[in-house]
Number of protein chains: 4
Amino acid sequence: MVRDQIISAAVRIFSRQGFDAAGMDEIAQVAGVAKGSLYYNFRSKSDLFAAVVTEGIDDLHRQIERILSRSSTVRQVLDGLVRENLQACQDYPELVDLIMRDQSGGLDAAAADRVRQARETYVQYIAGLLEDGMRDGLLRRGDSLGMAGAYLAFLHAFSRAGRARGRNLSDMAAEAADLIMGGLCRP
Amino acid sequence: MVRDQIISAAVRIFSRQGFDAAGMDEIAQVAGVAKGSLYYNFRSKSDLFAAVVTEGIDDLHRQIERILSRSSTVRQVLDGLVRENLQACQDYPELVDLIMRDQSGGLDAAAADRVRQARETYVQYIAGLLEDGMRDGLLRRGDSLGMAGAYLAFLHAFSRAGRARGRNLSDMAAEAADLIMGGLCRP
Amino acid sequence: MVRDQIISAAVRIFSRQGFDAAGMDEIAQVAGVAKGSLYYNFRSKSDLFAAVVTEGIDDLHRQIERILSRSSTVRQVLDGLVRENLQACQDYPELVDLIMRDQSGGLDAAAADRVRQARETYVQYIAGLLEDGMRDGLLRRGDSLGMAGAYLAFLHAFSRAGRARGRNLSDMAAEAADLIMGGLCRP
Amino acid sequence: MVRDQIISAAVRIFSRQGFDAAGMDEIAQVAGVAKGSLYYNFRSKSDLFAAVVTEGIDDLHRQIERILSRSSTVRQVLDGLVRENLQACQDYPELVDLIMRDQSGGLDAAAADRVRQARETYVQYIAGLLEDGMRDGLLRRGDSLGMAGAYLAFLHAFSRAGRARGRNLSDMAAEAADLIMGGLCRP
DNA sequence: GATGAATGAGAGTTCATTCAT
DNA sequence: AATGAATGAACTCTCATTCAT
């Protein structure tokens, strides 16, 4: 209970201010608990950050895996990948900003490693799906790992820009899917 | 002279550690000047950061504009855009990381605004090139501003991933250009 | 039962780390009870410390009084005094370190007073024995209270130094008795 | 200048409250400088403490060495040793309390080591003088190192007790010299 | 009688900033 | 123009203490 309050306050504060600029005082205040409770539940600010990001990535990963498991064709999987990642950008913008932004600055080594590992696991999952598509013949062959990371960055940036100007999700999803799958050039 | 030493030390330190984790002491030391000199040349840490980023973006902008001005067709411009942005990621990785990473955390409002504006100017320049391509009929119509930002993020992420695994630039440029222009799907 | 576990854990922790550096958490853990139990049995950390030290001094006092009561001559009493105090340094080194070290730093006023009083009572008991010796004509006349405190400090320091280099007790006792009774100068 | 203010404030505060209970805030206030200045001149609280104690011991050591160098006989050296150590207890009571009290509690390992080393050097110097006396035939043979530490503890305790009751120094010095050299037993 | 999650005042430490030189 | 000793507000983290169970 208290732990959950802390996590969700931390998502908000960390995503708005970044790791270094965020203050434990403010997180405690937003969570509605005493400062000491942060340290009763997490070893350090770095540890809290790592918990927030890795749990966020894991949730996202599980949710997308569950949804994509319903798809029967490779094409459906890839369309779903774009749509669900954009959806996550829309539904949990703060968490996704947090996951995508490089925060390595003040994190201690252990926490930075946990975060890197969690991110890598997710990117490798996406890369695996792209490799399925390549084997299937649907996708152009290439550096699947680089693509996976780059397309996530693409979707995140595209979503932020669209959101800033109030675009609705389904338009953006359609356009993003076209750009990613079909490319920038006119067919 | 001193100013240039400071700027180039600041690029290095800021890009490695982020705005908040970077220390004025370390910047002074790397620049080989006394800490007081930083404040003789720049009003504050935020001001130094804003100077570094805006000057970096402006240099990049000018350089790319100059190179692209030699292109005669829209197609050449767009290919050059991809190639030159990747080239910049390769040649000035620290500066580009600095430009792309969101550092809004600890910056004061004025500096954050200058940075945002400089970034926006560059993104709008790219968006203008994309609109040329759309008018020309070469490119799919769409949210040019969103695309410009998203493709920059794509290139940056793709470049980082490739660099981490030692890929050479021209391979990456060719692959990136194919992905961006032609899409992920097999032709 | 629980109280005894706490006391003996507290002796260990306090003597190793000093009052301030010792933690209630660690005492509870070593005692094998929950932290709340410390506060069920003692009003505060200061109170626990005062209990440990005063009870330790009282035990020591009683034990030495009992042993010395068997002596029939003043000379025997004084030899026994040296031997038994050294013995205590050997048998309960942690407790004796705790008693001898000035811990007034973080103690609250009430606890500091209890500790001071217990120490004083013991020193006055020793001073009384010295005065018996003076009246008896065996000992040089002088500041019995000052001597009592100073000889305890002497024995404690001598014992620590000897223990650190593995000297055995009876050698040390003989040497200490000679030094105290006969002085540093060769007879 | 500022460094000296800090050192002398630190002697006062540390000796009154002990290492752990002393606060950097209070030291800064007593020194009449800002808290940051403590950390500009010393790496940490432990470092400040180690500097205070080691410099204090070294000063004491040098001063006593200088004074004893005027003595021509072993007997004079030993009398001087007692008198000068008592004098130091009288002149710099806070510093001597600080040196004699075991503060190992919260000190970090490096600082604890520096302190231990400085203390040991001084005790070994005293032990060397005692060995001179033994070789000379004036002193009873025995554990010179243990004696050196024990007699310092004796003098310190004797001085504190005397001072608490307003005894004057020369009486105490004469009595202490008799006790140490001639022993407790009546000649 | 015993627990341990929760607390919050206060600790040591950092670091952007200033200013006399 | 350039310096660096000095600053103090703000930070992360600790830990004795409480209280509902």
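Below, chain A is the first sequence line, B the second, and so on; all start at residue 1. The structure displayed is predicted, hence computed values, not measured ones.
Under the 30°/60° scheme for interplanar angles, the aromatic rings of A:Phe14 and A:Phe19 are found to lie parallel.
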Fill in the blank from the handout: Writing each nucleotide of DNA chain E 5' to 3' as (, ), [, ], | or . by Watson-Crick or G-U pairing under 3.5 Å yields .||||||||||||||||||||
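Between A:Asn41 and D:Lys45, the one whose closest nucleotide on DNA chain E sits nearer the 5' end is A:Asn41. Remark on DNA chain E: of its neighbouring residues B:Ser44 and D:Arg43, the 5'-side contact belongs to D:Arg43, judged by nearest-heavy-atom nucleotide.
In this structure, A:Phe42 atom CZ and F:dT12 atom C1' are separated by 16 Å, rounded to whole Å. In this structure, D:Ile13 places its CD1 atom 16 Å from C1' of E:dG12, rounding to the nearest Å. Atom CZ in B:Phe14 sits roughly 13 Å away from atom P in E:dC15 (whole-Å rounding). Rounded to an integer number of Å, the gap from A:Asp47 CG to F:dC13 C1' is 13 Å. At whole-Å resolution of the value, CG in B:Asp108 and P in E:dT17 are 8 Å apart. C:Phe49 places its CZ atom 19 Å from the C1' atom of F:dT17, with the value rounded to the nearest Å.
B:Val33 is not listed as a side-chain neighbour of B:Asn41, based on a closest heavy-atom distance of 4.5 Å or more. Inter-residue side-chain proximity for B:Phe49 and B:Asp108 is flagged as unmet; no heavy-atom pair is nearer than 4.5 Å. Between D:Gln5 and D:Val2, some side-chain heavy-atom pair lies under the 4.5 Å cut-off. Annotation: side chain of C:Arg101 is not in contact with side chain of C:Asp97 (no heavy-atom distance under 4.5 Å). In this structure, the side chains of D:Leu107 and D:Arg116 stay at 4.5 Å or more apart for every pair of heavy atoms.
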Name the atoms and distances for all side-chain donor-acceptor pairs under 3.5 Å in residues 51-59 of chain B, with sequence neighbours left out.
{"unit_1": "B:Thr54", "atom_1": "OG1", "unit_2": "B:Ala50", "atom_2": "O", "d": "2.7"}
{"unit_1": "B:Thr54", "atom_1": "OG1", "unit_2": "B:Ala51", "atom_2": "O", "d": "3.4"}
{"unit_1": "B:Glu55", "atom_1": "OE1", "unit_2": "B:Arg3", "atom_2": "NH2", "d": "3.2"}
{"unit_1": "B:Glu55", "atom_1": "OE2", "unit_2": "B:Arg3", "atom_2": "NH2", "d": "2.3"}
{"unit_1": "B:Asp59", "atom_1": "OD1", "unit_2": "B:Arg62", "atom_2": "NH2", "d": "2.8"}

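Ion pairing between C:Arg114 and C:Asp47 holds under the 4.0 Å rule for side-chain N and carboxylate O.
At distances below 3.5 Å, not a single donor-acceptor pair connects side-chain atoms of C:Ser37 with backbone N or O atoms of C:Tyr40.
Within residues 22-40 of chain C, the residues having any heavy atom closer than 4.0 Å to DNA chain E are, in order of number, C:Val33, C:Ala34, C:Lys35, C:Gly36, C:Ser37, C:Tyr40.
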